[in-house]
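Remarks on the structure that follows.
Worth knowing before you read on, the calculation uses all heavy atoms, side chains too, and leaves out hydrogens, waters and symmetry mates.
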Amino acid sequence: MEKKQLSKKLLLFMGIKLLFILLFLSNSSCKREEDAWNEVKVINTTNDTLVLNLTKKYISDFGEKNTLYPDSEFLMARALYTSGFGIIEDDFGDSRDTIEIYRNDSLFVKWGGPLISLPDSVHSFYNKNSWTTSRGGNKNKYEIIEFAIYESDLKRD
């Protein structure tokens, strides 16, 4: 009889302990923090709504369209172990890939891969020197690279 009571108490104790562990785990989020990623962002500095069309020619001739609102940023890609330029090269930096910018359904600029270093005077999505790089996240561990689209990119010659 004594063994039965001891077993019940031990079982009750283990059950309460398990309950506390489950409560602790449910309150501590297992989600990755928002700033705990390397990121690639595109910033629309214009006063117009633009459409960014990303075409990966090795996959399809049809692009992926994304709306860029005035004075806003668009998170283009995010990765944990690959840093900024590596993300571009891996995801949309093939020599057949293109980025097109549309305003009012008219094509204004088209940039083609691959990602290379050109003079600062050449503003292009695929020019490493057209990007700004910063650090973020816990202990500035993560890289954030940003490409800005300016009104001058949308001027017709």
Reported CG-to-OG1 distance for the pair Leu68 and Thr45, which is rounded to 0.5 angstrom: 10.5 Å
I need the Ser83 OG to Ile144 CD1 distance, nearest 0.5 Å. 12.0 Å
If you measure from NZ on Lys141 to CG on Asn38, what distance do you get to the nearest 0.5 Å? 9.5 Å
pair Thr55-Phe92: side-chain heavy atoms closer than 4.5 Å: no
Asn104, CG atom: more than 12 neighbouring heavy atoms under 6.0 Å: no
Close side-chain approach of Phe125 and Leu54, heavy atoms under 4.5 Å: no
When rounded to the nearest 0.5 angstrom, what distance separates CZ in Phe147 from OG1 in Thr132? 10.5 Å
Treat each ILVMFWY residue as a node, draw an edge where side-chain heavy atoms are under 4.5 Å apart, and state whether Ile43 and Leu75 are in one component. no
Between Ile87 and Glu39, is there a side-chain heavy-atom distance shorter than 4.5 Å? no
Does Asn127 reach the main-chain N or O of Pro119 with its side chain, forming a donor-acceptor pair under 3.5 Å? yes
Identify the two heavy atoms, one from Ile101 and one from Leu154, that lie closest to each other, and give their separation to 0.1 Å. CG2-CD2, 3.8 Å
Residues passing the ring pair (Phe, Tyr, Trp, His ring centres under 6.0 Å) test with Tyr126, sequence neighbours excluded, are none
Do Val42 and Phe108 share a hydrophobic cluster, counting only Ile, Leu, Val, Met, Phe, Trp and Tyr and linking them when any side-chain heavy atoms are less than 4.5 Å apart? yes
Any chance you could measure Ile149, atom CD1, to Glu73, atom CD, to the nearest 0.5 Å? 12.5 Å
List the atom of Tyr69, the atom of Thr67, and the distance in Å for their closest heavy-atom pair. CZ-CG2, 3.5 Å
Tell me every residue that passes side chain to side chain contact (heavy atoms under 4.5 Å, CB included) with Lys128, counting only those two or more places apart in sequence or in another chain. Phe85, Glu89, Leu115, Ser117
Just wondering, do Arg135 and Glu143 contact through their side chains at under 4.5 Å, heavy atoms? yes
Contact check, side chains of Leu52 and Ile99, non-hydrogen atoms, under 4.5 Å: yes
Got a donor-acceptor contact below 3.5 angstrom from the Asp94 side chain to the Arg96 backbone? yes
One should read off an interatomic distance between Ile145 CD1 and Ser130 OG, to the nearest 0.5 angstrom, of 11.5 Å
Looking only at heavy atoms, which two atoms of Trp37 and Ala79 are closest? And how far apart? CE3-C, 3.6 Å
If you look at every heavy atom in Thr46 and Tyr150, which pair is closest and at what distance? CG2-C, 3.8 Å
Side chains of Met76 and Asp91, heavy atoms from C-beta outward: is any pair under 4.5 Å? no
Tell me, with the steps shown, if Lys110 and Asn53 meet side-chain contact (heavy atoms from CB on, under 4.5 Å). CA-CA 9 Å; Lys110 182 175 184 175; Asn53 187 41; over 6 Å; no
